[in-house]
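Report on one structure; see the data block that follows.
Read the numbers this way: they start at 1 and go in the same order the structure lists the ligands and their atoms. Basis for what follows: all heavy atoms, side chains included, without hydrogens, waters or symmetry-related copies.
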Amino acid sequence: MNAIIDKIAKELEQAKARNAQEVEELRVRLLGKKGEITKLFEDFRTVSPELKREFGKKLNELKNLATSKIEDLRKSTADSSTDKKGGEDLTMPGDYIELGSRHPISITREQIVSIFAKLGYTVAEGPEIEDDHHVFESLNFPPDHPARDMQDTFFISKGYNPVLLRTHTSSVQVRTMERTKPPIRVVCPGRVFRNEAISARAHCIFHQVEGLYIDKGVSFADLKQSILLFCREMFGPQTKIRMRPSYFPFTEPSTEVDISCNICGGKGCNICKGTGWLEIMGAGMVDPNVLEACGIDPKEYTGFAFGMGVERIAMLKWQVKDLRLYFENDIRFLKEFENSL
Ligand code: PHE
């Protein structure tokens with residue numbers, strides 16, 4: 001018994017507590033119903049009468065020591081943790097600051113841009129509020145083309161050369177051609193705007209990366225090889241591509257590019273709707289009319305252009321089913337892409 005009393009007394013001398021909870025824990029452990037000191041008082045009943053006097057004194061001293069020590073600790077922790085006197089407990093652990101994560105659209109855009117950077121492309125940017133000339137006119141859109149309709153384009157002003165929100169970043173390619181002499185090799189990432197109802201597959205704001213390569217003797221074979229290389233870097237070395245004939249006012253010939261489905265490997269699944277192929281971009285040889293409108297001699301130079309939606313590439317890469325997720329900024333969704341770059 002003596003040994004236990006000495007042990008507890010020694011412990012009390014050195015007792016420390018960082019907060020009120022720890023003080024309470026100490027109190028319960030020593031003086032609670034089943035506490036160590038309480039138990040000593042129970043054991044005291046069995047002590048022989050001649051020793052009762054000595055142990056009784058010791059036990060009472062121990063209890064007083066414990067009570068006053070706990071009271072002291074309670075006061076000191078109350079001072080520092082409730083900040084009553086304006087002091088702060090510098091020994092408390094700091095508040096946890098939640099780390100943010102990169103947005104999947106930013107991650108995808110950077111992946112696309114960095115693949116083309118390896119092929120010697122630089123980044124060009126331009127205004128989101130554009131004019132008809134840069135978005136449609138110089139890109140060979142006929143005056144009655146449906147894209148020039150209010151239903152597809154957000155207009156800011158009407159009249160001669162209307163001001164509008166760009167519907168594609170091809171306008172940046174026009175601006176680049178207007179101010180630079182070939183060879184030109186640029187990618188144009190940016191936000192674009194189309195007057196569409198918002199659904200799982202469409203949004204009125206989305207992101208594109210378009211590209212342009214103009215030099216002497218650039219051919220369709222160069223386009224095909226560049227796109228194949230991009231697709232293999234982006235979706236894996238086993239990726240195949242196919243090109244379907246298409247139409248854009250600013251390219252001739254024009255093509256729609258598909259990749260072999262990266263989920264089923266081309267066998268057919270519900271992602272590729274059983275076809276084995278997924279559409280990923282439009283492309284083509286720059287129409288001579290466009291080169292001319294931008295001050296480049298089409299007899300001397302040829303080139304190709306391509307354009308893709310960043311949301312779509314990200315959806316295909318990570319099987320995101322609903323486009324709206326990109327815009328809701330739900331931290332649980334965004335965190336899933338933390339380690340993707
Ligand atoms: N500008 C087209 C679009 O917005 C994409 C495209 C770019 C197609 C270049 C062909 C060549 O959809």
Side-chain angles (χ1 to χ4, degrees), residues 109 112-113 116 119 121 123-128 130-142 145-149 151-154 164-177 184-196 201-214 218-220 222-228 230-231 241-259 278-291 293-294 296 298 301-313 315-316 323:
R109 185 196 56 217
I112 298 170
V113 168
F116 285 106
L119 294 176
Y121 287 73
V123 172
E125 286 183 344
E128 293 179 343
E130 261 291 3
D131 55 20
D132 184 275
H133 170 79
H134 289 96
V135 175
F136 298 128
E137 190 68 39
S138 51
L139 285 163
N140 206 30
F141 279 80
H145 193 281
R148 289 182 155 183
D149 200 312
Q151 252 149 31
D152 291 303
T153 305
F154 292 110
L164 43 85
L165 298 182
R166 68 182 179 195
T167 57
H168 52 187
T169 58
S170 303
S171 52
V172 184
Q173 306 176 350
V174 172
R175 287 182 179 274
T176 309
M177 286 189 279
I184 295 171
R185 217 182 294 189
V186 287
V187 273
C188 316
R191 279 201 299 188
V192 299
F193 308 84
R194 287 183 197 177
N195 195 356
E196 295 206 38
R201 301 177 63 87
H203 208 287
C204 56
I205 303 175
F206 61 100
H207 299 77
Q208 279 191 327
V209 177
E210 295 216 355
L212 176 72
Y213 178 24
I214 296 180
V218 176
S219 73
F220 198 91
D222 298 320
L223 167 64
K224 195 173 172 189
Q225 203 56 32
S226 307
I227 298 302
L228 178 65
F230 164 75
C231 293
I241 64 167
R242 83 175 175 186
M243 291 174 145
R244 287 176 288 110
S246 186
Y247 172 77
F248 299 103
F250 38 89
T251 47
E252 181 59 34
S254 302
T255 172
E256 212 92 51
V257 183
D258 297 342
I259 53 165
L278 300 162
E279 186 188 317
I280 61 151
M281 69 169 93
M285 301 305 291
V286 182
D287 193 301
N289 287 344
V290 174
L291 293 176
C294 298
I296 293 170
Y301 293 103
T302 51
F304 64 72
F306 55 86
M308 66 194 100
V310 180
E311 279 80 357
R312 179 155 176 83
I313 302 281
M315 279 174 113
L316 296 178
L323 195 73

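Partners of Ala124 under the side chain to side chain contact (heavy atoms under 4.5 Å, CB included) rule, at least two apart in sequence or in another chain, are Val172, Thr176, Val186, Cys188. Every residue was checked against the side chain to side chain donor-acceptor pair (under 3.5 Å) condition with Arg201, not counting sequence neighbours, and none meets it. Under the rule for a side chain to side chain donor-acceptor pair (under 3.5 Å), the partners of Ser254 that lie at least two apart in sequence or sit in another chain are Thr251.
Contact residues for ligand 1 (protein heavy atom closer than 4.0 angstrom to any ligand atom): His168, Ser170, Arg194, Gln208, Glu210, Phe248, Phe250, Thr251, Gly282, Ala283, Ala305, Phe306, Gly307.
Close placement of the Phe116 and Phe230 rings is indicated, their centers lying within 6.0 Å of each other. Aromatic ring centres of Phe154 and Phe193 lie farther apart than the 6.0 Å criterion allows. In this structure, the ring of Tyr213 has its center no less than 6.0 angstrom from the ring center of Tyr301.
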